[in-house]
Amino acid sequence: QVQLVESGGGLVQPGGSVRLSCVASGFNLEYYAIGWFRQAPGKEREGVSCISNSDGSTYYANSVKGRFTISRDNAKNTVYLQMNSLKPEDAARYYCAAIHGYYTGSAYCRADGMDYWGKGTLVTVSS
């Protein structure tokens with residue numbers, strides 16, 4: 001059974017940090033590019049960051065550039081999102097998603113192109 005399971009969300013104070021994990025099962029993450037997306041109440045799902053499985057290149061939305069870091073460990077079939085200097089506007093449900101094939105650049109980092117999705121993990125940023 002193909003699954004993506006996110007974890008690591010929770011309540012964090014503004015300026016704080018959290019690391020999200022996304023573990024894949026039922027398929028080999030090595031053959032997929034991975035993205036992190038988020039959706040806040042009343043807003044559309046937006047791409048946060050993606051990481052290539054071709055050359056390891058990464059993409060970040062302007063709103064998180066310099067604060068978030070995406071990484072992957074193919075041996076553990078896991079992708080991470082390190083989130084630093086969190087702001088209240090970062091609060092959302094964060095989803096990881098996978099697209100099969102070899103990709104680089106940023107054009108593939110779109111919610112409507114992903115093949116598999118996790119159920120998300122909630123990040124709340126509040127004092």
Side-chain angles (χ1 to χ4, degrees):
Q1 181 180 3
V2 171
Q3 270 192 317
L4 289 168
V5 179
E6 304 93 336
S7 63
L11 175 63
V12 60
Q13 292 187 341
S17 298
V18 68
R19 189 176 81 157
L20 305 183
S21 299
C22 171
V23 180
S25 60
F27 66 103
N28 190 338
L29 213 54
E30 179 181 356
Y31 301 111
Y32 292 76
I34 303 296
W36 283 97
F37 298 80
R38 67 185 180 188
Q39 188 167 20
K43 294 189 177 181
E44 292 188 356
R45 190 169 297 189
E46 63 171 341
V48 175
S49 180
C50 288
I51 186 165
S52 163
N53 58 330
S54 174
D55 58 5
S57 60
T58 56
Y59 160 81
Y60 297 95
N62 287 335
S63 57
V64 307
K65 204 171 291 183
R67 300 188 296 121
F68 291 11
T69 302
I70 190 171
S71 60
R72 62 191 298 157
D73 185 339
N74 288 340
K76 295 183 178 180
N77 237 24
T78 301
V79 179
Y80 305 96
L81 185 68
Q82 178 68 42
M83 303 163 60
N84 299 330
S85 302
L86 283 162
K87 306 175 180 180
E89 52 263 41
D90 294 318
R93 179 166 291 275
Y94 283 73
Y95 301 86
C96 70
I99 179 170
H100 184 256
Y102 291 96
Y103 296 90
T104 188
S106 62
Y108 70 92
C109 195
R110 298 168 53 92
D112 60 3
M114 295 292 163
D115 295 317
Y116 302 126
W117 287 87
K119 294 182 178 180
T121 184
L122 187 64
V123 174
T124 303
V125 183
S126 175
S127 55

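Between V79 and I51, the shortest heavy-atom contact is CG1-CG2, 4.4 Å. Heavy-atom minimum distance, S52 versus A33: CA-CB, 4.5 Å. Closest of all the heavy-atom pairs between A98 and I34 is CB-CD1, 3.5 Å.
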Would you give me the side-chain donor-acceptor pairs under 3.5 Å for residues 3-17, sequence neighbours excluded?
| unit_1 | atom_1 | unit_2 | atom_2 | d |
| --- | --- | --- | --- | --- |
| E6 | OE1 | K119 | N | 3.1 |
| E6 | OE1 | G120 | N | 2.8 |
| E6 | OE2 | C96 | N | 2.9 |
| E6 | OE2 | G120 | N | 3.2 |
| S17 | OG | N84 | OD1 | 2.9 |

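Residue pairs satisfying the disulfide (SG to SG under 2.5 Å) criterion with at least one member in residues 37-73, sequence neighbours excluded, are listed as follows: C50-C109. Applying the ring pair (Phe, Tyr, Trp, His ring centres under 6.0 Å) test to every pair with at least one member in residues 46-72, sequence neighbours left out, gives no pairs at all. Pairs passing the salt bridge (charged side-chain N to carboxylate O under 4.0 Å, His left out) check and including a residue from residues 32-49, sequence neighbours excluded, read R38-E46, R38-D90. Legend: salt bridge (charged side-chain N to carboxylate O under 4.0 Å, His left out) pairs involving residues 101-110, not counting sequence neighbours, sorted by first then second residue: R110-D112.
We find the CZ-OG1 distance between R72 and T58 to be 11.5 Å, quoted to the nearest 0.5 Å.
Remark: N28 pairs with E30, Y31, N77 by the side chain to side chain contact (heavy atoms under 4.5 Å, CB included) rule, at least two apart or across chains. A search for side-chain hydrogen bond (donor to acceptor under 3.5 Å, both in side chains) contacts involving S57 returns D55, T104, not counting sequence neighbours. Residues satisfying the salt bridge (Lys or Arg N to Asp or Glu O under 4.0 Å) test with R19, not counting sequence neighbours, are none. Partners of S85 according to the side chain to side chain contact (heavy atoms under 4.5 Å, CB included) rule, which considers only residues two or more places apart in sequence or in another chain, are R67. For T78, the side-chain hydrogen bond (donor to acceptor under 3.5 Å, both in side chains) criterion is met by no residue, not counting sequence neighbours.
Under a 4.5 Å side-chain heavy-atom cut-off, the cluster of Ile, Leu, Val, Met, Phe, Trp and Tyr residues that includes Y95 is completed by F37, I99, Y103, Y108, M114, W117. Hydrophobic cluster membership of V23, counting Ile, Leu, Val, Met, Phe, Trp and Tyr whose side-chain heavy atoms lie under 4.5 Å apart directly or via other members: none, as it forms a cluster of its own.
Of the candidates V64, L81, V48, I70 forms a side chain to side chain contact (heavy atoms under 4.5 Å, CB included) with just one, namely L81.
Between Y32 and Y116, the two ring planes are tilted [angle within 30° to 60°].
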